[in-house]
> 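Structure incoming, see below.
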Amino acid sequence: METLSIGGRRYSDPDIISLIRQSGGLIDPRWKIVNMARALIEESRTFSGLPNDPLERLKIIASLKGIKIKPMAMDQVRQERRDAALYPTDSGWIVLYNPACLKSRIVFTIGHEIIHTFFPNSRNGARFRSMTSPGSRESNELELLCHLGASELVMPIDEFQRQANSRFGLASIERLSSYFGTSFEATVYRLATAHPGLAIAGMLQYRFTREEDRRRAKVSNQRLLFTNEVTMQPQAAERKYRRQSVHLSAACAEAEAAYTIRFNKSFDPSSIVYKTRESGIQSGIESLPNFSDAIGRIEAMRCPYQSETAHEEFGDVFFFWEEIVRRN
Ligand SMILES: [Zn+2]
């Protein structure tokens with residue numbers, strides 16, 4: 001399979017490769033998508049009377065790309081089992097969305113589908129898409145890029161900064177998400193990606209590492225098989241808050257190797273993220289488990305919607321961090 005490396009990442013999705021080739025192989029596809037989304041927002045602003053309602057506004061934005069937005073019929077909702085689907089028609093694209101979903105989800109999903117049309121290969125329709133199976137590494141690369149672009153479309157950076165009013169923090173998420181018609185989660189991540197300085201947001205889950213999980217499963221199987229024998233004790237593994245997702249501001253992304261938190265990396269047990277069982281937003285001054293020495297203000301709170309894999313006592317947590325001091 002063909003792969004291309006750019007911006008420190010390797011891509012193998014045929015749609016992403018088609019986009020990289022279109023830019024002469026020089027532009028990081030993440031920046032390309034963000035810039036295309038921003039250009040579309042600028043274009044939409046030349047229209048007077050752009051509606052305030054996030055869904056109506058998005059319909060106008062889509063129309064500039066020749067994309068029609070329509071709700072699915074209910075029998076199709078059952079058939080598709082998806083929040084939205086993108087189809088080529090003779091007169092351009094059509095995005096069909098599931099009207100039974102939460103409006104915040106509909107808005108983001110439509111944004112996501114609009115971004116799919118930015119990839120030159122998409123014009124060839126479903127033939128290319130069927131080359132990557134859902135859940136594969138390739139389809140994940142593409143889905144993450146579409147999320148990135150969707151967030152630019154539904155929460156335009158300048159408007160988000162204006163609304164955040166230079167007080168970036170978890171306390172404004174309710175207000176910002178109702179203004180932009182976006183989910184709590186998407187809005188938390190936007191706090192970082194729209195931040196003008198050094199900022200990071202993400203989700204943490206209280207768990208063992210996968211290796212620890214495998215070892216524990218193996219040990220309990222051995223116990224079942226040889227109940228009379230002394231079996232190996234599991235190593236003193238502890239559940240900790242571990243990185244599930246992470247989103248960086250543009251300034252952090254420029255020094256990604258230093259600022260990113262790798263998947264499953266744990267937060268120190270002294271971190272305020274462990275205090276989120278108490279209600280509300282916890283805050284403190286901490287460095288993060290990454291390669292930077294940076295000290296920042298960190299906020300954390302229990303996610304309003306807990307995942308199926310969340311720990312009962314130490315639930316899933318959102319965190320937001322912004323740098324206040326650099327040591328060197
Ligand atoms: Zn998608």
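When a ligand or atom number is given, it counts from 1 through the structure's own listing order. The first residue in the sequence is number 1, and the count goes up from there.
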> Passes side-chain contact (heavy atoms from CB on, under 4.5 Å), R21 versus L4? Steps please.
CA-CA 10 Å; R21 291 221 182 289; L4 275 180; 4.2 Å; yes

> Listing by chain and number, which protein N, O or S atoms are under 2.8 Å from the Zn ion (ligand 1)?
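Protein N/O/S atoms under 2.8 Å of the Zn ion (ligand 1): H112 NE2, H116 NE2, E143 OE1, E143 OE2.
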
> Salt-bridged, E185 to R190, with N to O below 4.0 Å?
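No, E185 and R190 are not salt-bridged.
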
> If the condition is side-chain contact (heavy atoms from CB on, under 4.5 Å), which residues does L55 pass it with, not counting sequence neighbours?
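Per chain and number, L55 pairs via side-chain contact (heavy atoms from CB on, under 4.5 Å) with D53, K59, Y97, K103, I106, V107, I110.
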
> Given 3.5 Å as the limit, does a donor-acceptor pair link the side chain of S183 with the main chain of A186, or not?
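Such a contact is found between S183 side chain and A186 backbone.
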
> Under 3.5 Å, is there a donor-acceptor pair between the side chain of D268 and the main chain of S270?
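Checked: pair present.
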
> Taking the six-membered ring for Trp, are F267 and F319 ring centroids under 6.0 Å apart?
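Ring centres of F319 and F267 closer than 6.0 Å.
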
